[in-house]
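Because the structure is a prediction, the values reported are computed rather than measured. Each residue takes its place number in the sequence, starting with 1.
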Amino acid sequence: MGNGKSASLPKEAWLNGVFRWYWPVLGATLPLSVRVFLPWSGVELIFPAEPLVAIGVILIAWEQIRSNRSIRSLLAFRPHVLDVAVFAFLLGSIIAAAAAEHQLVAWKVVVVQVAYILVFYVAFRSRGPSISSDLMRAWRWYAFAFLFVVLWAMVKEGLHGLDREASDHAAFPFFLDHTSYGAALCFMLPFFAMEMGRDGLKGGLRSRKVFYLLLTLVILVALLLSYSRGAWMGAAAAGSGLIIARWRTPAHRLAALVLLFIVFAGSTLWLSGRPAVTRPQGERTGLWRSLASMTDLRTVPSNLDRIVRWRAAWSMFQESPITGQGPGAYPIVLPEHLSNTGASGPERVDPEAGPYRPWPLGGKVFEVRADPVRDPSSGGSAHSEYLLALSEGGLLLFLPWALLSLTLLIGQVLIDPCRHPMVRMVTFGIVAYLVHGLVNNFLDDAKLAFLFWSGAALIATYDLRRGHPARPEGPDHADH
């Protein structure tokens, strides 16, 4: 166990070969997976991503049984603070599920969370010196498969006007709406930008740079046309954060962050003082009107809806501050807490009667469907990773999530940012997501969970590699 090679997962050559093919297959299928509802069982799953995740769990468990190693030995290095936060997050989820009123729902959510973190975080952390090649292989296949989704969304949006209304379900059925699609775009933007800047290939370097430059511009345009205000805000924060991270000392970086906050607060106050957006969300709305609507808390329906949901989430936390309502319970108990928000919410929308009807593909066997429900009384999400953790898991879930978020944000921007290109790539996406997570939550979707947790695993690995350069963790052969 004293070197990186002996600690890598898995030992058996055939399992190494299986994992070598597993990551590209998983990466390529994730962005193209769709939510499939099985009416005969009442189960909804992301296909084929979640069955592939289940296969990954089986492979990891099989390796553990064959090698007779402890769970702690899955981590190839000594624990990083992110490892502590991740496992505390899982432990908080398990305790919250055990104390939940809706046991079946809670344990379903916990099983999915454990599977995602085991395959997307722990498995990558355990790769030791090969994490760079494995992660890049998976991300590259994800990125090029994702380009099909981008083309699909652009064509659909172009046929309906290239405006806010057209963007709402342009990426369906691969992404349920424009906000989760925008969050994925924030991870893909730095990936193609990094590929453009790499100089590992000696031949055809100029054509390669032009190729990736064009793809970077395509992703940037797609991000603008997603009309995801949370993704715009996250991308702006991540870009500013990476610029600030290049400054020499933490004091300079802190001063820059304070200045950035002042500019942001001043811009928010200036936009708040402008006339309210008079057109309802859903009419023909352009980029500037969508940007200005971020601070309109009086007339924009999506903003008013979020405020109702956030107040309800706070009410749930106040009712059960330690363990929360239980994982997955937010949409179930939301109607009970609407009275505490000062709003009753509109009537429940019948999915069959909504504008986004189910899309049957397999008759009575399975169907792919959108989520037509948009009002608070019908459930839905908390529209905030932070308030979702607080409402469903109380302090047991919120504190580990806060530790994880602060470690990623402060560690990679303010205190000791890593300048490795791959780390900066995933840092951009993660910072963008953590900012976007103030107003949305998507870690229950394998497409976003993969990008977030695998990126966090890379950051933890490289942090420990920098802190212990003498440790025999292997060369960085895969970074070129």
Side-chain angles (χ1 to χ4, degrees), residues 89 92-93 96 109 176-180 182-183 228-234 237 261 264-265 268-269 271-272 276-277 280-281 290-346 348-349 371 373-402 404-406 409 432-445 448:
F89 181 80
S93 298
V109 172
L176 287 185
D177 62 21
H178 67 119
T179 54
S180 57
S228 174
R229 299 167 299 169
W232 294 348
M233 182 173 62
F261 175 78
F264 174 77
T268 302
L269 291 174
L271 287 172
S272 300
V277 177
Q281 187 181 21
S290 294
L291 183 64
S293 71
M294 294 174 67
T295 58
D296 184 354
L297 305 180
R298 293 170 293 173
T299 61
V300 177
S302 62
N303 293 349
L304 297 174
D305 176 77
R306 279 176 169 82
I307 293 173
V308 171
R309 293 178 183 276
W310 295 342
R311 288 174 177 171
W314 181 252
S315 173
M316 296 177 200
F317 166 70
Q318 289 179 311
E319 183 177 272
S320 183
I322 304 300
T323 60
Q325 304 293 326
Y330 180 92
I332 300 174
V333 302
L334 178 59
E336 304 171 16
H337 292 266
L338 285 174
S339 59
N340 297 330
T341 68
S344 59
R348 184 183 181 95
V349 175
D371 179 8
V373 179
R374 292 287 177 249
D375 59 87
S377 62
S378 61
S381 75
H383 279 293
S384 170
E385 289 288 358
Y386 307 89
L387 288 174
L388 182 67
L390 199 63
S391 61
E392 292 191 347
L395 293 177
L396 282 175
L397 206 57
F398 176 77
L399 292 178
W401 174 252
L404 187 148
S405 301
L406 290 174
L409 287 170
Y433 184 82
L434 291 173
V435 174
H436 191 173
L438 293 169
V439 296
N440 277 306
N441 56 278
F442 305 118
L443 288 186
D444 60 342
D445 188 334
L448 276 303

Using only atom types and a distance under 3.5 Å, with no angle test, would you say the side chain of Trp401 pairs donor to acceptor with the backbone of Phe89? no

I'd like to check Ser381 versus Leu388 (side-chain heavy atoms, cut-off strictly below 4.5 Å). Are they in contact? no

Do the non-hydrogen side-chain atoms of Gln325 and Glu319 ever get within less than 4.5 Å of each other? yes

Are any side-chain N or O atoms of Tyr433 and backbone N or O atoms of Phe442, one a donor and one an acceptor, separated by less than 3.5 Å? yes

So OG1 of Thr323 and CG of Leu395: to nearest 0.5 Å the spacing works out to 10.0 Å

Roughly how far apart are Arg309 CZ and Leu304 CG, rounded to 0.5 Å? 12.5 Å

Exam field: side chain Asp305 to backbone Val308, donor-acceptor pair closer than 3.5 Å: no

Any chance you could measure Gln318, atom CD, to Leu390, atom CG, to the nearest 0.5 Å? 9.5 Å

I need the minimum non-hydrogen distance between Ser391 and Tyr330, along with the two atoms involved. OG-CD1, 3.7 Å

Find the distance between OG (Ser228) and NE2 (His436) and round it off to the nearest 0.5 Å. 4.0 Å

May I ask you to check whether Arg229 and Ser302 show a side-chain donor-acceptor distance below 3.5 Å? yes

Minimum heavy-atom separation for Glu392 to Gly328, with atom names? OE1-N, 3.0 Å

In short, Leu434 meets Ser405 closest at the heavy-atom pair CD2-OG, 3.6 Å

Identify the heavy atoms of Leu443 and Glu385 that sit nearest to each other, and give their distance. N-OE2, 3.2 Å

Taking all atoms of both residues into account, what is the closest heavy-atom pair of Val439 and Gly230, and its distance? CG2-CA, 4.1 Å

Validation row, ring centre Trp314 to ring centre Phe317 under 6.0 Å: yes

Check whether any side-chain N or O of Asn440 sits under 3.5 Å from a backbone N or O of Ser384 as a donor-acceptor pair, and report yes or no. no

Which heavy atom of Pro327 sits nearest a heavy atom of Val109, and at what distance? CB-CG1, 3.8 Å

Just do the side-chain contact (heavy atoms from CB on, under 4.5 Å) check on Leu334 and Met316 with the steps written out, would you? CA-CA 8 Å; Leu334 178 59; Met316 296 177 200; 4.0 Å; yes

